[in-house]
Structure formats: C-alpha cells, structure tokens
Amino acid sequence: MCHNVTMPSVNLRQLRDTRRLKAWLRAGSTVELRERDRVIARIVPEKTEETPGEWPDFEARAREILGDRILPNVVLEDRGRY
C-alpha cells in the first residue's frame, strides 16, 4: 500500500468536515477521497485565471539611469562585418 504523503486525503466520513476540505481547496491542493485506503476520487480545485502583471517602463528606467546620453548600438554595427 503506497500513497502520496504530500496530498491531503479524506475518507467518506471525514468528508462531512467541509471547513478543512474548503481550506485545502482554497490553498490550491488536490484532495484524495479514500475508501478503506483505496483512492476512489480526486477533488481538484477550480483554476482561477491570473491577470498578467504590468510591464515596467523600460524607457523611463533607461532615462533615469543614463540621462540624455546616447549609447552606440554595438550589435547593429557588428552585424555588417559578418
């Protein structure tokens, strides 16, 4: 008999304790439903769509660091040699 130790599991009697089950599902973990040490089902939490984060303003950062200096684009200049 082998089962995954990191995955929370409940048996049919313990399924009545919905507070603990809800806490596990809100935390994003899959819960095994067991009957006599046999897995009969897995309860999987609903995936929520995450909104993508805002990109930083790279131009403003460059202006803050470099000021008004214009750096040569070495990559474009070196491409002509090859």
Side-chain angles (χ1 to χ4, degrees):
M1 174 172 52
C2 179
H3 65 280
N4 192 352
V5 178
T6 60
M7 187 178 301
S9 65
V10 294
N11 61 25
L12 291 175
R13 277 195 189 166
Q14 293 171 336
L15 193 59
R16 293 180 191 163
D17 183 16
T18 58
R19 282 188 216 151
R20 184 168 50 164
L21 179 66
K22 286 179 187 178
W24 284 333
L25 293 174
R26 282 190 190 114
S29 60
T30 302
V31 180
E32 291 180 343
L33 183 58
R34 296 179 165 270
E35 183 178 42
R36 294 185 180 160
D37 292 331
R38 282 187 22 240
V39 176
I40 58 173
R42 285 191 177 85
I43 303 172
V44 181
E46 185 70 25
K47 298 229 182 212
T48 57
E49 291 186 24
E50 296 180 18
T51 58
E54 293 291 321
W55 282 87
D57 189 5
F58 292 115
E59 186 178 353
R61 282 187 180 184
R63 261 188 270 120
E64 182 181 315
I65 294 170
L66 299 173
D68 292 335
R69 290 182 290 173
I70 298 173
L71 298 177
N73 196 339
V74 179
V75 174
L76 290 177
E77 291 172 1
D78 284 346
R79 283 187 184 172
R81 293 192 301 173
Y82 296 106

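In this chain, numbering begins with 1 at the start of the sequence shown.
Interatomic distance, I43 CD1 to E32 CD, rounded to the nearest 0.5 Å: 10.5 Å.
Residues that satisfy the side-chain contact (heavy atoms from CB on, under 4.5 Å) test with D68, not counting sequence neighbours, are absent from this structure. Contacts of T30 classified as side-chain contact (heavy atoms from CB on, under 4.5 Å), with partners at least two apart in sequence or in another chain: M7, R42, V44, P45. In this structure E64 satisfies the salt bridge (Lys or Arg N to Asp or Glu O under 4.0 Å) test with no other residue, sequence neighbours excluded. For E54, there are no side-chain contact (heavy atoms from CB on, under 4.5 Å) partners at least two apart in sequence or on another chain. In terms of the side-chain contact (heavy atoms from CB on, under 4.5 Å) criterion, residue partners of P56 (sequence neighbours excluded) are, by chain and number, F58, R61.
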(request) Please assess L33 against V10 for the test side-chain contact (heavy atoms from CB on, under 4.5 Å), listing each intermediate value before the final yes or no. (result) CA-CA 5 Å; L33 183 58; V10 294; 4.0 Å; yes
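The two residues S29 and W24 have their closest heavy-atom pair at OG-O, 2.9 Å.
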